[in-house]
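What follows is a short report on a single structure.
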Amino acid sequence: MLVSLAAVILSRLALAAQAQSLSDNSRAACAVIQQALGSTIVQSSGAEYNATAEGTWSLFNALDQPTCIVYPQRAADVQIAMKNIYHFNAEYAVRAGGHSAMIGWNSVTDGVLISFEQMSNVSYDPATDIVSLEPGVRFGDAETVLEQYGVSIIGGRASDIGTGLLLGGGINFMSPLYGWSADRMKEMDVVLVTGELVTASATNEYADLFRALKGGANRFGIVTQYRVYPAHTGTRDDKLWFGGSVQYPGSSSLALLNATAHYIRDVTNPNAGAIMIINTANLTSPTSNTLFFFYKGDSLPWSIFGEFLCIPSTSQSLSPLSYFDITFLIAGNTRVNGNQFGASAWVGDDAAFLNGFNHLLNFTQNFGTRLVEASMIVSPIPLSQWEASLSGPNAIGNPGVSYGAINWDIVYPAGETERPQDIDDGVKLLISQTPPSPGLPLYVNECDASQDVFATYPDYPALKAAYAKYDRTRFNVEYTEGPKGL
Ligand SMILES: Cc1cc2nc3c(=O)[nH]c(=O)nc-3n(C[C@H](O)[C@H](O)[C@H](O)COP(=O)(O)OP(=O)(O)OC[C@H]3O[C@@H](n4cnc5c(N)ncnc54)[C@H](O)[C@@H]3O)c2cc1C
């Protein structure tokens, strides 16, 4: 008994000593980085510091207090920050748009936060037909700059999302036509863990790093510049698409699920795009389902969307739309709730969708009264989405079959700053009850941190090999939160 008590005390002392040394390390790193870059770029308190620390989309990340926040203005600033983070063994995190739903993936306490607010330039060169993006850009802001040239980048489906999306893959309403957002990348400037700056592309000596960055999330370095092949989507006046949202009552959920499974199985036309948001708990209004449908043309073809359009809806907002209009249909900028994601992936099999929905209902019966929303969000991933790649394969890996990427989206009440353990356990149970169909990759931008996403990539060994090559001391996995499995 005495021996085990002594062991507990010793292990607590060891943990306390480790925490002390981590905060000493980050203080030392911050002091040296501030000396090099000055107190405007490196801050440890004040209004700007507070706004950044509290500015995450998920409230669960807004309570972290970084030892300092570095606001780089150029790649060289990131190099200085990273060299010192590495030298002093300091914990760190990187922030672009701040939308990560995973605790600690874009925030840190007792560590250095690199936040890209000061690097948000967007430019388009018509001669080369390339868009250059700094990492602090949000997709709505990029669209506002680019539409006058008739081009756009294929970003997220909410205007407030930032460029972190590109490193996870990136699903857009138009991805069936234009591909994964990351697959339109020409090259990326990347600061490696040691502080070295390299440019990675599909054809240069860093081609393995380039591929790993397209789905490897925050594990392969800090990107300081993206150069992207734009899509020629027209200006804000070019209403090349038809579509919008349709609202359905909760009583339509089963019919919508069946229609969704059929859509995923049967629709191969790359001009069609959709997302299905099936909601089982909503404390703020009656439960309802919201689906978005788009078609590059002047109407929604009945052969593609007919099954959905036959289901009685409560309201519809469908009209001719430009790509610009579509970018701003969803803002996604609410910052008062804690959020939690989970991921799965199913082929278009009615039984898989029904199983998933029943488990979500079960979860909601247990916890729904304590949540704002519990939703199943389905993003169809047809084969055309992989075939559209302009820059070779990405790290996620084409499974050779159309499927739906499933996002469990759990929204906690406003102001609730901690995730209750029993609900977190419930989410993990839901995830375990609804596994991906065999051979399908999970989507890292929509997962729970407990999920081993990289292990589901068909070419997982290549990702691990790239990680071993570019982070020989395994610094990133030791000193920053992010996807597991490397
Ligand atoms: C409201 C909402 C809507 C969404 N809609 C979509 C959608 O339509 N399609 C889709 O694919 N996904 C969507 N997502 C998921 C989204 O892709 C991820 O949340 C994405 O990672 C957000 O990027 P960010 O820059 O806003 O967030 P951040 O939290 O700032 O970044 C996300 C991750 O990337 C890392 N990171 C960011 N920038 C860099 C960099 N320059 N170098 C290295 N690491 C970096 C961060 O450390 C963090 O781990 C949505 C999320 C939300 C909350």
Side-chain angles (χ1 to χ4, degrees), residues 52 55-62 72 75 78 81-82 92-108 111 113-117 119-120 133-142 154-175 179-182 188-193 200 212-213 215-226 273-275 277 292 326-327 329-335 337-341 343 373 375 377-379 381 385 396 405 407 409-411 443-447 449 476 480-483:
T52 301
T56 55
W57 174 73
S58 173
L59 194 62
F60 297 147
N61 283 339
V78 178
M82 197 62 230
Y92 71 108
V94 177
R95 169 106 45 92
H99 279 80
S100 179
M102 289 54 110
I103 289 177
W105 286 25
N106 62 10
S107 66
V108 63
L113 175 64
I114 298 176
S115 189
F116 277 113
E117 281 97 320
M119 286 180 71
S120 55
L133 283 181
E134 288 188 330
V137 177
R138 294 175 192 277
F139 290 113
D141 297 335
I154 299 303
R157 293 160 291 191
S159 56
D160 194 58
I161 305 173
T163 56
L165 166 141
L166 300 169
L167 301 174
I171 305 170
N172 185 274
F173 289 124
M174 308 312 158
S175 283
W180 290 89
S181 308
M188 288 174 254
D189 296 342
V190 194
V191 174
L192 303 177
V193 278
L213 282 162
N218 65 345
R219 288 293 184 212
F220 287 85
I222 304 178
V223 178
T224 56
Q225 182 80 242
Y226 300 90
I275 191 171
I277 305 172
F292 289 82
I326 293 169
T327 302
L329 284 179
I330 304 175
N333 58 353
T334 313
R335 280 174 159 72
N337 308 93
N339 298 272
Q340 183 169 17
F341 284 173
E373 281 182 30
S375 307
I377 304 181
V378 185
S379 301
I381 316 280
Q385 183 155 329
I396 304 166
N407 175 207
D409 181 14
I410 312 299
V411 183
Y443 182 34
V444 72
N445 283 349
E446 295 181 343
C447 72
N476 176 286
T480 197
E481 297 291 331

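Both ligands and their constituent atoms are indexed starting at 1 by order of listing. Along the sequence shown, residues are numbered consecutively beginning with 1. Remember, it's a predicted structure, so these values are computed and weren't measured experimentally.
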Closest non-hydrogen atom pair between T224 and M119, with its separation: O-CE, 3.6 Å
Consider every N or O of A158 and every N or O of ligand 1, then say whether any pair is closer than 3.5 Å. no
Looking at CG of L213 and CG of N218, how far apart are the two atoms once the value is rounded to the nearest 0.5 Å? 11.0 Å
Between T163 (side chain) and P135 (backbone), is there a donor-acceptor pair under 3.5 Å? yes
Measuring from the heavy atoms of Y226, does anything fall under 4.0 Å of ligand 1? yes
Rounded at 0.5 Å granularity, tell me how far OG1 in T327 sits from CG in D141. 11.5 Å
What atoms in ligand 1 come closer than 4.0 Å to a heavy atom of P135? 41 (N)
When only distance counts, is S100 in polar contact with ligand 1, meaning an N/O pair under 3.5 Å? yes
What is the closest protein heavy atom to atom 45 (C) of ligand 1, and at what distance does it sit? L167 CD1, 3.6 Å
Residue and atom name of the nearest protein heavy atom (relative to atom 28 (P) of ligand 1), distance in Å to one decimal: G98 N, 3.3 Å
Does G221 come within less than 4.0 angstrom of ligand 1, counting non-hydrogen atoms of the residue? yes
How long is the gap from CG on L166 to CG on L133, to the nearest 0.5 Å? 7.0 Å
Closest to atom 20 (C) of ligand 1 (heavy atoms only, candidates V444, L113, L165, N218) is L165
Determine, using heavy atoms of A217 and all atoms of ligand 1, whether some pair is separated by less than 4.0 Å. no
Among protein heavy atoms, which sits nearest to atom 19 (O) of ligand 1, and what does the distance come to when rounded to 0.1 Å? H99 O, 3.3 Å
Give the atom numbers and elements of ligand 1 that come within less than 4.0 Å of a heavy atom of G170. 11 (O)
Close N or O approach (F341, ligand 1; < 3.5 Å): no
Please list the nearest protein heavy atom to atom 42 (N) of ligand 1 with its residue and the distance rounded to 0.1 Å. V223 N, 3.0 Å
With heavy-atom distances below 4.0 Å as the criterion, list the atoms of ligand 1 near I222. 42 (N), 43 (C)
I'd like to know if the side chain of S375 and the backbone of I377 have a donor-acceptor N/O pair within less than 3.5 Å. no
Say whether W105, considering both its backbone and side-chain N or O atoms, lies within less than 3.5 Å of an N or O atom on ligand 1. yes
When rounded to the nearest 0.5 Å, the distance separating CD1 of I161 from CZ of F139 is 7.0 Å
Tell me which part of A96 gets within contact of ligand 1: side chain, backbone, both or neither, using heavy atoms under 4.0 Å. both
Return the option from V78, V108, I171 holding the heavy atom at the smallest distance from atom 9 (N) of ligand 1. I171
To check your reading of the model: name the closest protein heavy atom to atom 4 (C) of ligand 1, its residue, and the distance in Å. I161 CD1, 3.1 Å
Atom pair CG/CH2 of N61 and W105 - distance to nearest 0.5 Å: 11.0 Å
Nearest heavy-atom pair of Y443 and G168: which atoms, and what distance? CE1-O, 3.3 Å
Counting only nitrogen or oxygen atoms and a 3.5 angstrom limit, does V94 reach ligand 1? yes
Heavy-atom donor-acceptor pair, N339 side chain to N337 backbone, under 3.5 Å: yes
Identity and distance of the protein heavy atom lying nearest atom 26 (O) of ligand 1: G162 N, 2.9 Å
With rounding to the nearest 0.5 Å, note down the distance linking CG in L113 to OH in Y92. 12.0 Å
Residue, atom and distance of the protein heavy atom nearest atom 29 (O) of ligand 1 read N106 ND2, 2.8 Å
For S379 and E446, the nearest pair of non-hydrogen atoms, with its separation, is OG-OE2, 4.5 Å
What do you reckon, does A93 put a non-hydrogen atom under 4.0 Å from ligand 1? no
Looking at non-hydrogen atoms alone, which of P483, A182, G164 comes nearest to atom 32 (C) of ligand 1? G164
Residue-level breakdown please: for T163 versus ligand 1, do any non-hydrogen atoms fall below 4.0 Å on the side chain, on the backbone, on both, or on neither? backbone
Donor-acceptor contact below 3.5 Å, side chain R95 vs main chain S107: no
As a test of understanding, state which of T56, N333, N445, D160 forms a side chain to side chain donor-acceptor pair (under 3.5 Å) with H99. D160
Taking every non-hydrogen atom, the tightest pair across I275 and R157: CD1-NH1, 3.3 Å
Within ligand 1, which atoms have a heavy atom of R95 less than 4.0 Å away? 30 (O)
For the backbone of S159 and the side chain of R138, can you confirm whether one donor and one acceptor N or O come within less than 3.5 Å of each other? no
Any nitrogen or oxygen of W57 lying under 3.5 Å from a nitrogen or oxygen in ligand 1? Just yes or no. no
Whether F116 lies under 4.0 Å from ligand 1, heavy atom: yes
Could you tell me whether ligand 1 has any atom less than 4.0 Å away from a heavy atom of Y443? yes
Here the pair of heavy atoms bringing S181 nearest to I154 is OG-O, 2.6 Å
Do ligand 1 and G97 have nitrogen or oxygen atoms that lie under 3.5 Å from each other? yes
What protein heavy atom sits nearest atom 17 (O) of ligand 1, and how far off is it? N445 ND2, 3.0 Å
